[in-house]
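Take a look at the structure set out below.
Numbered from 1 within each chain, the chains take letters A, B, ... in sequence-line order.
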2 protein chains.
Amino acid sequence: MAYMNTAPIPPSADEPRWLTAEEQRVWRSYIEAATLLEDHLDRQLQRDAGMPHVYYGLLVKLAESPRRRLRMTELARYAKITRSRLSHAVARLEKNGWVRREDCPSDKRGQFAILTYEGYEVLRRTAPGHVDAVRQAVFDRLTPEQQKSLGEIMRIVAEGLQPREAGADLPWLR
Amino acid sequence: MAYMNTAPIPPSADEPRWLTAEEQRVWRSYIEAATLLEDHLDRQLQRDAGMPHVYYGLLVKLAESPRRRLRMTELARYAKITRSRLSHAVARLEKNGWVRREDCPSDKRGQFAILTYEGYEVLRRTAPGHVDAVRQAVFDRLTPEQQKSLGEIMRIVAEGLQPREAGADLPWLR
DNA sequence: TACGAGTCCTTGAACTTTAAACAAGAAACC
DNA sequence: GGTTTCTTGTTTAAAGTTCAAGGACTCGTA
């Protein structure tokens with residue numbers, strides 16, 4: 001139930017299109033893997049880097065950006081999180097000394113989040129372990145074809161869920 | 001950086017195996033899609049069913065179980081969450097009147113989580129909308145081959161992250 | 001220049017999750 | 001029987017996330 005049509009009745013217009021048994025298996029595998037994986041990486045990073053996976057991702061984005069800085073909104077957009085969440089996250093990272101803020105000169109509303117030297121060091125120190133974890137959990141287990149396939153599939157899914165248009169408080173997350 | 005080897009140096013034994021540019025793209029697509037998807041479904045269910053995705057999953061598991069009940073530990077194992085998290089979740093669902101607890105007669109430590117009639121009704125009422133959301137976000141966008149592929153891939157990943165052995169507080173989540 | 005609408009980011013409260021510690025009972029052992 | 005050890009499930013506090021609201025600023029337009 002809840003996913004599958006167990007009753008032997010033909011699908012009608014108003015009858016929801018339940019998942020087939022096979023689709024259901026796919027979906028459950030997805031949920032299971034995604035849950036376990038996120039949990040695994042969160043633990044790994046919490047242990048080795050002292051922060052959850054999302055926060056680590058923020059530092060990575062900053063590290064890749066010119067002058068290691070990004071406007072808050074931009075960072076939020078890249079990381080696919082709300083600005084509110086980002087505000088809290090950056091506050092925490094700031095407390096750790098891994099990020100600092102700076103006012104945007106051209107737009108007084110704006111703030112830059114800037115990766116500090118300490119932040120960069122944390123990244124440099126923990127990146128190898130994290131990459132290893134990702135490899136072990138994902139890439140080492142998949143054939144090149146599967147890796148390629150995974151990339152395509154996730155790209156499609158992500159694309160479909162992308163920010164429609166500008167909205168009240170969530171410009172990109174509808 | 002942090003994922004890729006940007007330096008033109010040959011990989012050595014102690015040099016971490018950075019992700020190639022292509023692997024990196026795959027990984028980012030995965031993170032992006034997984035983030036957006038979970039967020040999307042959380043919002044959808046919060047709006048239509050008044051609970052986050054994980055909680056909904058718990059009700060589904062119960063609905064599928066004989067006599068609509070499961071031992072706490074078992075439910076936690078199926079849902080891939082810790083028992084602590086489950087305790088909190090069930091407490092909340094109980095407050096909503098969607099789940100009730102019952103002592104296990106054969107093991108006095110044990111507790112059953114049981115789906116109530118109201119819980120079942122919520123599920124029945126909201127399942128179509130949720131299935132629709134899943135279809136729109138995932139299945140409708142993928143070819144049958146891609147669906148199959150996704151299933152295989154996620155099955156492999158999940159399998160690799162499965163509970164190793166019995167451990168202190170997390171018998172299945174190592 | 002002044003208005004209104006929209007954007008940028010933050011805040012506080014409510015809620016969820018995590019981590020560590022604990023009480024109670026079962027199981028294994030001797 | 002009496003330990004000792006493991007398992008079950010909960011609890012507490014801290015950390016993280018969401019939601020709704022709000023202050024500050026920009027921009028378009030009259």
Let me know the distance between [atom1] of [X] and [atom2] of [N], rounded to the nearest Å.
X: Lys95(A); N: dA14(D); atom1: NZ; atom2: C1'; value: 11 Å
X: Asp107(B); N: dG9(D); atom1: CG; atom2: C1'; value: 10 Å
X: Glu38(B); N: dT17(D); atom1: CD; atom2: P; value: 13 Å
X: Leu86(B); N: dT8(D); atom1: CG; atom2: P; value: 13 Å
X: Ile81(B); N: dT17(C); atom1: CD1; atom2: C1'; value: 10 Å
X: His53(A); N: dT17(D); atom1: NE2; atom2: P; value: 12 Å
X: Lys108(A); N: dC27(D); atom1: NZ; atom2: P; value: 12 Å
X: Glu94(A); N: dT10(C); atom1: CD; atom2: P; value: 9 Å

Compare side-chain N and O positions of [X] against OP1 and OP2 of [N] and report whether any pair is under 4.0 Å apart.
X: Arg101(B); N: dT10(D); value: yes
X: Arg85(B); N: dT18(C); value: yes
X: Arg43(B); N: dC19(D); value: yes
X: Arg71(B); N: dT8(D); value: no
X: Gln111(A); N: dT10(C); value: yes

Select from Val90(B) and Met51(A) the residue whose nearest nucleotide in DNA chain D is closer to the 5' end of that strand.
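The answer here is Val90(B).
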DNA chain D: Arg92(A) or Gln46(B), which has the more 5' nearest nucleotide?
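The residue closer to the strand's 5' end, by nearest nucleotide, is Arg92(A).
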Expected output: side-chain Gln146(A) to main-chain Thr143(A) donor-acceptor under 3.5 Å
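Judged by distance alone, yes, a pair lies under 3.5 Å.
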Between Arg17(A) (side chain) and Pro128(B) (backbone), is there a donor-acceptor pair under 3.5 Å?
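No.
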Need one value for Asp42(B): base, sugar-phosphate or nothing, where a base atom within 4.0 Å counts as base even if backbone is also close, heavy atoms only.
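Contact class for Asp42(B): none.
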What nucleic acid atoms does Tyr55(B) come within less than 4.0 Å of, heavy atoms only: base, sugar-phosphate, or nothing?
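Sugar-phosphate contact only - Tyr55(B) comes under 4.0 Å of backbone atoms but never of a base.
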State plainly whether the residues [X] and [Y] are in salt-bridge range, i.e. N to O under 4.0 Å.
X: Glu23(A); Y: Arg135(B); result: yes
X: Glu152(A); Y: Lys148(A); result: yes
X: Glu102(A); Y: Arg68(A); result: no
X: Glu121(A); Y: Arg124(A); result: yes

Grab the N/O contacts between the protein and nucleotides 12-14 of chain C below 3.5 Å, and write none if there aren't any.
residue: dG12(C); atom: O6; partner: His88(A); partner atom: NE2; Å: 2.8

For the residue pair Trp27(A) and Tyr30(A), categorise the inter-ring angle as parallel (less than 30°), tilted (30 to 60°) or perpendicular (more than 60°).
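It falls in the parallel class, under 30°.
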Show, in sequence, the C-alpha distance, side-chain angles and deciding distance for Thr116(B) and Arg100(B), and conclude whether the side-chain hydrogen bond (donor to acceptor under 3.5 Å, both in side chains) test is met.
CA-CA 7 Å; Thr116(B) 63; Arg100(B) 65 188 176 78; over 6 Å; no
Between dA19(C), dT16(C), dT26(D), which one does the side chain of Pro52(B) approach most closely?
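Nearest to the side-chain atoms of Pro52(B), counting from C-beta on, is dT16(C).
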Between the base of dT7(C) and the side chain of Arg109(A), is there a donor and acceptor pair under 3.5 angstrom?
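For Arg109(A), whose side chain was compared with the base of dT7(C), there is a donor-acceptor pair (under 3.5 Å).
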